[in-house]
Amino acid sequence: MIELENVSHSYGGSELLCDMSLNLAPASFHFLTGPSGAGKTTFLKICYAELHPSHGAVRLFGADLAGLDRDGVARMRRRIGVVHQDCGFLDHLPLRENITLPLLAAGRDVAAEDRNMAELLNWVGLTQRADALPPQLSGGERQRAALARAVILSPDVILADEPTGNVDWEMSLRILQLLIELNRMGKAIVIATHDMNLIRAAKTQVAARVLRIQDRRLYLAGADL
Amino acid sequence: MKALLTPLGRIAALLASDPEASRVVPPTGFAARLTLFTAATMAFLAVFALALALASGRLADRWADALARTATVRISAPPGQMGTQTEAVLRILRTTPGIASARAMSDIEQRRLLEPWFSPDLPVETLPLPRLIEVTETRAGTDAEALRLRLAVEAPGAVFDDHTRWRQPLVRAAGRLRLLGWTAVLLIGASMAAMIALASNAALAANAQVIGVLRLVGARDIFIARAFVRRFTRRTLEGAAIGTLAGMGVVALLPGDGPDGFLTGLGFSGAQWIVPLLLPVLAGAIGFAATRWTAMRMLRRIT
């Protein structure tokens, strides 16, 4: 679904990522680890085409990123749900409208999706908070809302960048549980995190591969996890 | 006409489109208020420029029409021959095609014409003044050269003056004033476009986070641009409507259209009052085009 072939990325003359290759299969589950500043976020941005690599090829659902126009990239992004650590909400819109943003952007009838929306809010446990503004939400609520927004278009892949970075352990496990449920529904999941306990907790339930970015390169992590 | 209606139709469709989509842009902001103010001010000024253009156009038409149909025959002859030559000229004029009427001005009328230059106290009757004959032509006009030839033969002291010499500069001056008015309207429109482009550019820059979020959820450039364009087009329309109505109100309070005066006639006449009502529509079109161009250009620069 997402293929990276010998991808390198440079910024301001210095190379941040070097010669990385990855083939993300359907229903796979990956953790992406590495020290702070290793390039985990940059790697994810390349995966959802916010950044274009300096070298190498990126294929999204079989289409070469280099051959896609801007609208084509936008359409591909609808097949990739992204959860950021800072969530990226529009603070002037209530939670319900933030979650339905992808529907609006895709030109879908938001009113017709009312039932799905109710199920989704119930799934992430935010039914009572639908009309709250993002600044009124706790860290855990924001992360779950971001996850709801990421999956509302039923994407094939979920990319989560430090989704448990701002929440306590209990909430981390709850968010992880939601991501595992999505994986069982057939979604490919990539979680960037430096929380080893979270990875260990996941590996008890799901066959997760762990990738590590170190010294600008991507490695498959060993059995120490 | 169809070419004009298509963009206007697009603007109307944009304004009538899903208002929920435009809510993705925060509702208030300095740039939005600036657009409202700019549109109002520019529309207010455009009303006056338009009034100038239309009033000078009316004046040019009036002068051209009035002067084109009047002429003067001046008879300079010894006192003994003045009566005979006047009669001869009047006879020629009555039989000349294209002459509607001709009449010799009385001494009193001629004296009144000279009063502004010589004051009422000057005994103008003692001066050897030529006799003036006021001629009105039909709409078709007369053959001035043929008439001059007849007068030269039958009344050698008569000179036919069809006012061409001084009518043309006046009409040309009024025409240039009209051109100046329309140029001012165009420049105001261009300034409005530039200011709205700057304001929308500032709004896009201030909403970089909003754009980032929309990109993240798969919004196409046109979706993002439309949210801003809808907001700015509406603000421009509202501002221009306010400015236009205020401008029309002030123009209506100006002194009325005098028979010959220009300054007293600066305004709209009859159906011309409809013309400034088109300014908000035009401003809306400018706002639409300026914001769309700016937004698409800026979005293309962002990955």
Side-chain angles (χ1 to χ4, degrees), chain A residues 9 11 42 44-53 60 65 68-84 86-94 96-111 133-134 146 148-155 159 161, chain B residues 10 13-33 35 200 202-232 234-235 291-303:
Chain A
H9 186 69
Y11 185 78
T42 304
L44 289 184
K45 282 183 174 178
I46 288 173
C47 287
Y48 63 84
E50 186 173 329
L51 289 177
H52 286 243
L60 302 176
L65 179 62
L68 289 174
D69 62 8
R70 298 174 64 79
D71 286 352
V73 170
R75 275 191 285 273
M76 289 299 170
R77 279 188 188 154
R78 292 173 196 164
R79 298 179 68 181
I80 304 170
V82 180
V83 181
H84 270 298
D86 63 1
C87 299
F89 287 128
L90 304 184
D91 287 348
H92 64 285
L93 293 181
R96 180 190 301 275
E97 290 183 45
N98 266 290
I99 292 174
T100 54
L101 264 184
L103 293 173
L104 202 62
R108 301 253 290 265
D109 184 359
V110 175
L133 291 172
R149 186 182 67 187
V151 301
I152 198 164
L153 282 177
S154 194
L159 304 177
D161 189 4
Chain B
R10 283 173 67 186
L14 176 81
L15 293 176
S17 66
D18 185 9
E20 202 174 341
S22 70
R23 289 192 63 215
V24 298
V25 182
T28 54
F30 176 70
R33 286 195 293 275
T35 304
S200 54
L204 284 156
N207 287 292
Q209 189 246 347
V210 173
I211 293 168
V213 171
L214 292 173
R215 278 273 170 74
L216 191 70
V217 300
R220 292 161 63 213
D221 283 356
I222 192 68
F223 175 88
I224 302 169
R226 204 179 285 145
F228 285 90
V229 169
R230 190 174 191 277
R231 180 70 52 84
F232 277 82
R234 187 173 276 264
R235 288 274 151 86
T291 315
R292 195 174 192 280
W293 181 77
T294 310
M296 293 304 281
R297 189 165 163 267
M298 190 166 178
L299 289 169
R300 267 195 294 273
R301 276 195 253 130
I302 307 170
T303 306

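Residue numbers start from 1 in every chain, and the chains themselves are labelled A, B, ... in the order their sequence lines are given, proteins ahead of strands. When reading the values below, keep in mind they use all heavy atoms of this one structure, side chains included, and skip hydrogens, waters and symmetry mates. It should be emphasised that the depicted structure is a prediction, and the values quoted were computed from it without experimental measurement.
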Least distance between heavy atoms, [X] atom then [Y] atom:
X	Y	value
B:Val24	A:Leu104	CG1-CD2, 4.1 Å
B:Val213	A:Gly88	CG2-O, 3.1 Å
B:Arg220	A:Ala74	CG-CB, 3.8 Å

Which pairs pass salt bridge (charged side-chain N to carboxylate O under 4.0 Å, His left out) with one or both residues in residues 99-108 of chain A, sequence neighbours excluded?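 The answer is A:Arg108-A:Glu113.
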Looking only at heavy atoms and a cut-off of under 4.5 Å, which of B:Ile224, B:Asn207, B:Asp221 has the most pairs with chain A?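 Looking at each option in turn, the highest pair count goes to B:Asp221.
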Please identify each residue that fulfils salt bridge (Lys or Arg N to Asp or Glu O under 4.0 Å) with A:Arg96, with sequence neighbours left out.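 Partners of A:Arg96 under the salt bridge (Lys or Arg N to Asp or Glu O under 4.0 Å) test: A:Asp131.
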Could you measure the distance from the CZ atom of B:Arg215 to the CZ atom of A:Arg70? Nearest 0.5 Å is fine.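 Atom-to-atom, B:Arg215:CZ and A:Arg70:CZ are 4.5 Å apart.
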Atom pair CG (B:Leu214) and CG (A:Leu90), whose distance is rounded to the nearest 0.5 Å: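 The distance works out to 6.0 Å.
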Could you go step by step and tell me if A:Arg149 and B:Leu216 meet the side-chain contact (heavy atoms from CB on, under 4.5 Å) rule? CA-CA 11 Å; A:Arg149 186 182 67 187; B:Leu216 191 70; 4.0 Å; yes
